[in-house]
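As the structure is a computational prediction, the values presented were derived from the model and not from experiment. One-based numbering along the sequence shown. Both backbone and side-chain heavy atoms feed into the values below; hydrogens, waters and symmetry mates do not.
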Amino acid sequence: MKTSTFPAGFVARGCLALVMAFAVAACHRKAAEPAGTEAQATFTVTPPIPAGADDLFEDVTAKAGITFVQQFCDERIANIIESNGSGVVVLDYDNDGYMDLLFANPGPLQGVTHEAPGTKRQPCRLYHNNHDGTFTDVTEKAGLGDVGYAVAAAAADYDGDGWTDLYIVCVGKSHLFHNNHDGTFTDVTDRAGVGSEGTGIGATWIDATGDGRLDLYVAHYLSFDPNYKLYYNPTSYPGPLAYKPEHDSLYHNKGDGTFTDVSAESGIAALEPHRTMSVCALDYDRDGHEDLYLSNDATPNMLLINDGHGHFHDEAMKRGVAFNALGEAAGSMAAAIGDCDGSGIPAILVSRLGYGSLYVRTPQGDCIDRMMASGLGALTAQYVGWGCNFIDFDNAGKLDVFIANGDAFRMVGWQSLLLENDGHAHFSNAVGKGGAYFRTPVRARSSVVLDYDNDGRMDLLVGLMGDRPVLLHNRDRSGNHWITLSLRGTRSNPAGWGSWIELKAGGRTYVQECRCPSGFLSQSDPRVHFGLGQAPRVDQIQIRWPSGTVQTLTDVGADQILRVTEPSSR
């Protein structure tokens with residue numbers, strides 16, 4: 001294996017902290033070296049990626065003070081658990097109006113990783129947003145501690161006290177941390193009753209019963225057996241079908257800080273065996289009750305329709321969203337939700353190991369896979385897509401696409417994709433606009449969209465395997481307008497998730513659902529962003545809250561983050 005090497009000037013360009021963080025985070029070391037020499041890590045840390053003068057996105061990770069490096073405890077991707085990587089959650093934990101970051105960290109795990117003896121796990125890392133484009137590591141002060149082999153996280157105000165709490169998903173026991181309102185968190189997992197055991201891989205928050213409280217859906221992957229031997233490919237590892245699937249869990253929020261496992265009563269436990277990679281909440285049928293879409297590995301995807309009382313049944317086959325256009329149940333990673341064709345009906349974009357899908361809905365409620373017709377098929381076919389996101393990168397009022405690509409079997413880099421939408425769900429490669437990062441091979445896995453500096457231009461954050469993350473600052477100079485909505489429910493759940501927003505500006509109508517923005521291992525900025533093109537004002541904003549309350553705002557100025565509180569009565 002190659003040892004870490006850094007280009008000349010790497011440290012001199014302000015990245016000494018990043019190098020030191022990697023030295024701490026790395027698990028596998030070379031054989032013992034003479035006293036006084038520093039052991040080197042197996043894999044390289046990606047150095048800063050200089051942006052060209054006209055590049056839309058600039059790698060500002062080191063400049064922002066983010067020194068986290070994912071602790072990868074092996075010489076290679078030795079099994080299917082290691083291959084998944086880890087994610088990040090975007091949250092405002094201190095209510096200052098700026099988005100903070102929590103990076104999940106796996107570390108060593110007996111039976112899975114192959115680290116040097118005595119290797120200690122590094123913690124998940126919480127970074128506070130300093131409001132000036134930089135972040136400060138506040139992990140120690142926050143008191144998050146060692147939670148185990150952490151892969152994902154989901155954030156929400158589960159108890160309605162006005163402060164965002166944090167659920168960290170692990171292989172083993174997952175953990176719920178209550179926000180103490182002073183920059184610290186308390187582990188309340190056992191009291192709350194949500195210590196989900198198993199191979200956790202994701203979670204989302206959803207008001208399944210419409211009672212105004214957020215319930216917790218935890219996705220499980222498969223029962224990994226390190227002793228499985230019936231496999232003969234010396235250059236790879238056994239795939240998902242070699243292991244038994246695990247059932248997901250749904251926890252009902254009782255409103256007193258505790259939850260009840262309702263997996264059986266809700267129908268979740270009775271679903272056909274599957275291996276979930278990620279879960280997202282959405283109101284698919286626009287009936288005011290949030291549904292769930294499961295991206296599964298090597299088994300058909302599932303669309304779980306909610307009857308309004310927290311009971312779910314699968315309609316993926318019926319609606320045409322179980323397989324890709326080739327009829328395959330290829331390894332699905334994540335789903336992004338958005339109105340990419342201007343029809344007013346959100347589509348579902350699925351990233352896969354194999355051909356992905358762009359499910360566009362018909363007026364009858366069924367879907368047609370437009371992956372090939374949209375151009376996405378040809379643009380993405382050569383890659384393995386993990387994180388995928390809709391992003392209006394130039395505030396033109398159309399949803400473009402970002403996909404984080406990475407080799408599933410080798411620790412080698414691939415390019416990520418930035419794909420521009422013509423407004424009618426036809427996409428083209430925008431690497432020329434995106435810039436240097438999109439020409440740089442990286443071992444990408446998770447990805448989130450966020451506006452970390454509150455300038456109205458949507459940024460990207462990409463999680464890499466055994467490497468640092470990449471924070472991409474959006475430098476769009478188009479001058480297009482925008483508006484971002486931050487909802488607060490009163491009669492509805494605190495985040496207003498499940499609200500439908502219809503916005504009219506510049507002669508156009510935009511539609512979005514405010515939903516828990518979960519993706520592969522990660523959760524994006526919870527605020528709802530609209531690019532408005534040349535429109536300097538918004539004619540009307542109509543919000544249909546989960547409670548049934550309809551709120552209308554008129555003649556609203558653009559280029560602002562607008563905080564909207566649900567009226568206490570209809």
Side-chain angles (χ1 to χ4, degrees), residues 1-7 10 18-19 21-31 39-49 59 61 67-88 103-109 111-116 119 121-122 149-152 171 201 221 224 226 231 233-240 277 297 331 333 351 353 382-387 403-417 437-447 462-470 520-522:
M1 300 295 295
K2 293 183 179 179
T3 56
S4 292
T5 55
F6 300 95
F10 171 58
L18 184 60
V19 179
F22 182 64
V24 172
C27 279
H28 183 80
R29 301 289 185 180
K30 293 175 64 180
Q40 290 183 307
T42 301
F43 303 110
T44 58
V45 171
T46 300
I49 304 168
D59 172 15
T61 316
T67 59
F68 171 78
V69 177
Q70 187 214 50
Q71 190 180 20
F72 185 82
C73 294
D74 224 320
E75 292 184 329
R76 61 187 178 90
I77 301 176
N79 55 65
I80 200 165
I81 300 299
E82 288 184 340
S83 71
N84 292 326
S86 63
V88 60
F103 293 95
N105 186 64
L109 182 63
V112 173
T113 58
H114 305 86
E115 66 279 354
T119 298
R121 176 182 288 104
Q122 300 302 312
Y149 193 93
V151 295
V171 175
I201 198 166
Y221 188 31
F224 178 70
Y231 194 74
N233 186 340
T235 63
S236 185
Y237 53 79
M277 290 291 281
D297 196 359
M333 310 302 186
S351 56
L353 197 161
Q382 62 182 304
Y383 302 102
V384 175
W386 300 81
I403 299 179
N405 296 312
D407 195 297
F409 301 99
R410 300 173 299 150
M411 292 292 280
V412 297
W414 290 358
Q415 289 86 2
S416 300
L417 292 174
Y437 168 78
F438 296 92
R439 293 187 293 270
T440 304
V442 295
R443 302 184 294 268
R445 288 298 189 268
S446 58
S447 60
V462 189
L464 311 185
M465 286 273 285
D467 202 346
R468 68 173 178 94
V470 181
F520 179 65
L521 304 177
S522 299

Say you draw a straight line from CD of E82 to OH of Y149; how long is it, rounded to the nearest 0.5 Å?
-> 5.5 Å
Given side chains that start at C-beta, do those of F72 and R443 come closer than 4.5 Å, heavy atoms only?
-> no
Which pair of heavy atoms, one from S522 and one from G87, lies closest together, and at what distance?
-> OG-CA, 3.5 Å
Any side-chain heavy-atom pair from P469 and Q70 closer than 4.5 angstrom?
-> no
d(Q415 CD, R439 CZ) to nearest 0.5 Å is 10.0 Å
Measure the shortest side-chain to side-chain distance between R468 and T46 over non-hydrogen atoms and say whether it is less than 4.5 angstrom.
-> yes
What's the shortest heavy-atom distance between M277 and Y221, and which atoms?
-> SD-CE1, 3.4 Å
Looking only at heavy atoms, what is the nearest atom pair of A78 and H114, with distance?
-> CB-CE1, 3.9 Å
Does the W386 side chain pair with the main chain of G406, one donor and one acceptor, at a distance under 3.5 Å?
-> yes
Side-chain heavy atoms of P240 within contact of I80, under 4.5 Å | yes
At what distance, to the nearest 0.5 angstrom, does CZ of R76 lie from CZ of F409?
-> 12.0 Å
Quick one: ring pair (Phe, Tyr, Trp, His ring centres under 6.0 Å) partners of F103, sequence neighbours excluded?
-> F68, Y127
So, do V151 and N84 sit near enough that their side-chain heavy atoms are less than 4.5 Å apart?
-> no
On a heavy-atom basis, the closest approach of A104 and A152 is CB-N, 3.7 Å
Heavy-atom side-chain contact between V384 and D407 under 4.5 Å = no
Stepwise, does the side-chain contact (heavy atoms from CB on, under 4.5 Å) test hold for D74 with E115?
-> CA-CA 6 Å; D74 224 320; E115 66 279 354; over 6 Å; no
Find out whether L417 and N405 are in side-chain contact, i.e. whether some heavy atom of one side chain is under 4.5 Å from a heavy atom of the other.
-> yes
Could you check if a side-chain atom of V470 sits within less than 4.5 angstrom of a side-chain atom of Y437, using non-hydrogen atoms only?
-> yes
Please round to the nearest 0.5 Å and tell me the distance separating atom CG of L521 and atom CE of M333.
-> 10.0 Å
Salt-bridge present (R445, D467; N to O < 4.0 Å) = no
Under 3.5 Å, is there a donor-acceptor pair between the side chain of S446 and the main chain of S86?
-> yes
What residues form a ring pair (Phe, Tyr, Trp, His ring centres under 6.0 Å) with F224, not counting sequence neighbours?
-> Y243
Atom CD of Q122 and atom CG of N105: how far apart are they, to the nearest 0.5 Å?
-> 7.0 Å
side-chain contact (heavy atoms from CB on, under 4.5 Å) evaluation trace for S83 with Y237 = CA-CA 10 Å; S83 71; Y237 53 79; 3.2 Å; yes
What distance do F438 atom CZ and S416 atom OG have between them, rounded to the nearest 0.5 Å?
-> 6.5 Å
